[in-house]
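Residue numbers count from 1 along this sequence.
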Amino acid sequence: MREKPIIEVIIPSWNGRNYLAGCLRSLKEQSCNAFSVTVVDNGSCDDTEGFLREYHPWVRLIRFEQNQGFSAAVNAGIKAGETDWYLLLNNDTEIARDCIEVLGRAIQQYPGYDFFSLKMMSYHQRQVLDGAGDAVLRGGAGYKVGTLEEDRGQFAEDRDVFGACAGAALYSRRFFDKVGLFDEDFFAYLEDVDLNMRAARAGLKCRFLSQAVVYHIGSASSGSKINPFTIRLSTRNNINVLVKNYPISLLWRFLPAILFYQIMWLCFVIKKRQLKAYLKGVAGALLQLTDMKRKREQLYLRNLLSVEDFGGALIASEREAVQSIISRRSAQGKGNRLLHTYSKWFL
């Protein structure tokens, strides 16, 4: 007999039938069964619906006829949910057998927190970290702390972090009441950076849970991390994050750091021969500029954190991100002169 659900697991999926099999199996084998599962099928053409109905009838299915994007998919799951907590999982994840049990304990242990970041490990190299809490770069992007580092126990303790990667994150219903849902204008990529910034401005805290382990393949839906689709949307949404979340005073204050990041991103794009996709992303951001400025004005009405404190939180988070990158590169025997220069001048 199943326990009364305290957590609704929401899995957005687009042509991810093969990945869902492993993800759902890991959920079915949990040591605690006080949860329910919703898969949001984003217009898949791989018969995800038939697969779920035949092999996993215990899963609730929400289906879109066309791909509406990550944000719309998880929002649909959240709106349909009836629990007080929502665990978002990418379809290319598997969770440790005690993960739901750990999350249930954390809810009781940390009543002052409305969202949690899980410990993400590489699916194929299970001693390599995929992320131990999300930091933010003032240039308008996020960074998964610890990514690509060997797990040597450096993230064995729970700690406060700036935010969570939406590929494996636990949110309370109160969180969305206070902050709002994912921004569907982002479609996909950096929507969790936007959400993390909104949460910080609302005065909400995020806790990294070192014992809640998830194994993540990564880029399963898009096919690779570097392609025209990801470059276009990442470029557009990077600009959207800045316009929507930064008060004018912070835009001016952080302008050198913003320009540095944008130049580095452009160099990376050119190196990967993705300039056309980049320019499409910039054009897309210009088309959404008025909407993002309007949303920024609306955010002012919800703020609990002062502009000065928000800026301080961004700087502190970026310091953690830069130190994480330096640690990883040092372990790989790579130089860090540019990063040290950046820290000296901008942090």
If you draw a 6.0 Å radius around CD in E308, do more than 12 non-hydrogen atoms from other residues or ligands fall strictly inside?
no
So does E297 have more than 12 non-hydrogen atoms from other groups sitting under 6.0 Å from CD?
yes
Spacing of L88 atom CG and I78 atom CD1 [to the nearest 0.5 Å]:
5.5 Å
Considering residues, nucleotides and ligands other than Q332, do more than 12 of their heavy atoms fall under 6.0 Å from its CD?
yes
Report yes or no: do I11 and V40 belong to one cluster of Ile/Leu/Val/Met/Phe/Trp/Tyr joined by side chain heavy-atom distances under 4.5 Å?
no
I'd like to know if the side chain of S71 pairs up with that of E184 as donor and acceptor (distance under 3.5 Å, no hydrogens or angles considered).
no
Taking all non-hydrogen atoms of both residues, which atom of L89 and which atom of C23 are closest, and how far apart?
CD1-SG, 4.4 Å
Once rounded to the nearest 0.5 Å, what's the spacing between atom CG of L347 and atom NE2 of H340?
12.5 Å
Which class fits the ring pair F310 and Y246: parallel under 30°, tilted 30 to 60°, perpendicular over 60°?
perpendicular
Ring centres of F346 and F260 under 6.0 Å apart?
yes
State whether Y215 and R126 meet the cation-pi test: NZ (Lys) or CZ (Arg) under 6.0 Å from the six-membered ring centroid, and within 45° of the perpendicular axis.
yes
Donor-acceptor check, side chain of S330 to backbone of I326, threshold 3.5 angstrom: yes or no?
yes
Look at the aromatic rings of Y110 and F116 and report parallel, tilted or perpendicular, splitting at 30° and 60°.
tilted
Using the side chain to side chain contact (heavy atoms under 4.5 Å, CB included) rule, take S117 and F208 through it: C-alpha gap first, then chi angles, then the decisive distance, then the call.
CA-CA 5 Å; S117 173; F208 166 70; 4.1 Å; yes
Checking side-chain polar atoms at under 3.5 Å, does S306 have a donor or acceptor matched by the opposite partner on D309?
yes
Is S234 reaching over with its side chain to a backbone N or O of I231, donor-acceptor style, under 3.5 angstrom?
no
Any idea how Y86 and F176 line up, ring-wise: parallel (<30°), tilted (30 to 60°), or perpendicular (>60°)?
perpendicular
Would you say CD of E157 has more than 12 non-hydrogen atoms from neighbouring residues, nucleotides or ligands within 6.0 angstrom?
no
Atom pair CG (D183) and CZ (R198), whose distance is rounded to the nearest 0.5 Å:
6.0 Å
For the pair D177 and R174, find out whether any cationic side-chain nitrogen is under 4.0 Å from an anionic carboxylate oxygen.
no
Quick one: does any side-chain atom of T147 pair with a main-chain N or O of G131 as donor and acceptor, under 3.5 Å?
no
Apply the test side chain to side chain contact (heavy atoms under 4.5 Å, CB included) to residues V145 and R159: give CA-CA distance (whole Å), side-chain angles for both, the deciding distance (0.1 Å), then the verdict.
CA-CA 12 Å; V145 176; R159 73 186 201 285; 3.7 Å; yes
Main-chain N/O of S210 paired to D158 side chain as donor or acceptor, under 3.5 Å:
yes
Taking CD in Q154 as the centre, count heavy atoms belonging to other residues, nucleotides or ligands within less than 6.0 Å. Is the count above 12?
yes
Is there a donor-acceptor contact under 3.5 Å linking the side chains of E8 and T38?
yes
Do you know which two heavy atoms are closest between L87 and L118, and how far apart they sit?
CD1-CD2, 4.0 Å
L242: which of R138, M197, R296, Q262 passes side-chain contact (heavy atoms from CB on, under 4.5 Å):
Q262
Spell out, as yes or no, whether a donor-acceptor pair under 3.5 Å connects the side chain of S324 to the backbone of E320.
no
Strictly by modelled atom types, are D160 and Y113 linked by a side-chain donor-acceptor pair under 3.5 Å?
yes
Exceeds 12 heavy-atom contacts within 6.0 angstrom, atom CZ of R337
no
Non-hydrogen side-chain atoms of N245 and L299 separated by less than 4.5 Å:
yes
Give me the atom names and distance for the closest heavy-atom approach of V74 to F182.
CG2-CD1, 3.6 Å
Check whether Q109 reaches the backbone of G104 with its side chain - one donor and one acceptor, N or O, closer than 3.5 Å.
no
Please evaluate residues D114 and S172 with respect to the criterion side-chain hydrogen bond (donor to acceptor under 3.5 Å, both in side chains), reporting the C-alpha separation (whole Å), side-chain torsions for both, the decisive distance (0.1 Å), and the verdict.
CA-CA 5 Å; D114 282 314; S172 70; 3.0 Å; yes
Looking only at side-chain N and O atoms, does D41 offer a donor or acceptor that is under 3.5 Å from a partner on S44?
yes
Do other residues, nucleotides or ligands put more than 12 heavy atoms under 6.0 Å from K178 NZ?
yes
Stepwise side chain to side chain contact (heavy atoms under 4.5 Å, CB included) test for K119 and Q211:
CA-CA 7 Å; K119 185 176 185 179; Q211 303 303 310; over 6 Å; no
Given side chains that start at C-beta, do those of N238 and L190 come closer than 4.5 Å, heavy atoms only?
yes
Verify the cluster assignment for V59 and I62: are they in a single hydrophobic cluster under the rule of side-chain heavy atoms below 4.5 Å apart?
no
State whether R328 and E149 are salt-bridged, where the test is any N-O pair (Lys NZ or Arg NE/NH1/NH2 against Asp/Glu carboxylate O) under 4.0 Å.
no
D134 (side chain) donor-acceptor with G163 (main chain) under 3.5 angstrom
no
Can you spot which of H124, M121, E94, K144 makes a side-chain contact (heavy atoms from CB on, under 4.5 Å) with H216?
K144
For Q274 and I270, indicate whether the former's side chain and the latter's backbone hold a donor-acceptor pair under 3.5 Å.
no
Joint cluster assignment, W85 & F115, ILVMFWY side-chain distance < 4.5 Å
no
Counting distance only, does the side-chain N/O of R236 pair as donor-acceptor with the main-chain N or O of F186 below 3.5 Å?
yes
Please determine, by modelled atom types, if N240 and D194 share a side-chain donor-acceptor pair under 3.5 angstrom.
no
I325/Y143 under side chain to side chain contact (heavy atoms under 4.5 Å, CB included): CA gap, chis, key distance, verdict:
CA-CA 9 Å; I325 299 170; Y143 183 78; 3.4 Å; yes
Indicate yes or no for a side-chain donor-acceptor contact from Q68 to the backbone of A73 under 3.5 Å, with no hydrogens or angles considered.
no
How would you list, by chain and number, every residue that makes a ring pair (Phe, Tyr, Trp, His ring centres under 6.0 Å) with Y261, sequence neighbours excluded?
none
In the single-linkage hydrophobic clustering (I, L, V, M, F, W, Y; side-chain heavy atoms under 4.5 Å), do V269 and I239 co-cluster?
yes
Can you get from I248 to I258 by hopping between Ile, Leu, Val, Met, Phe, Trp and Tyr side chains that sit under 4.5 Å apart?
yes
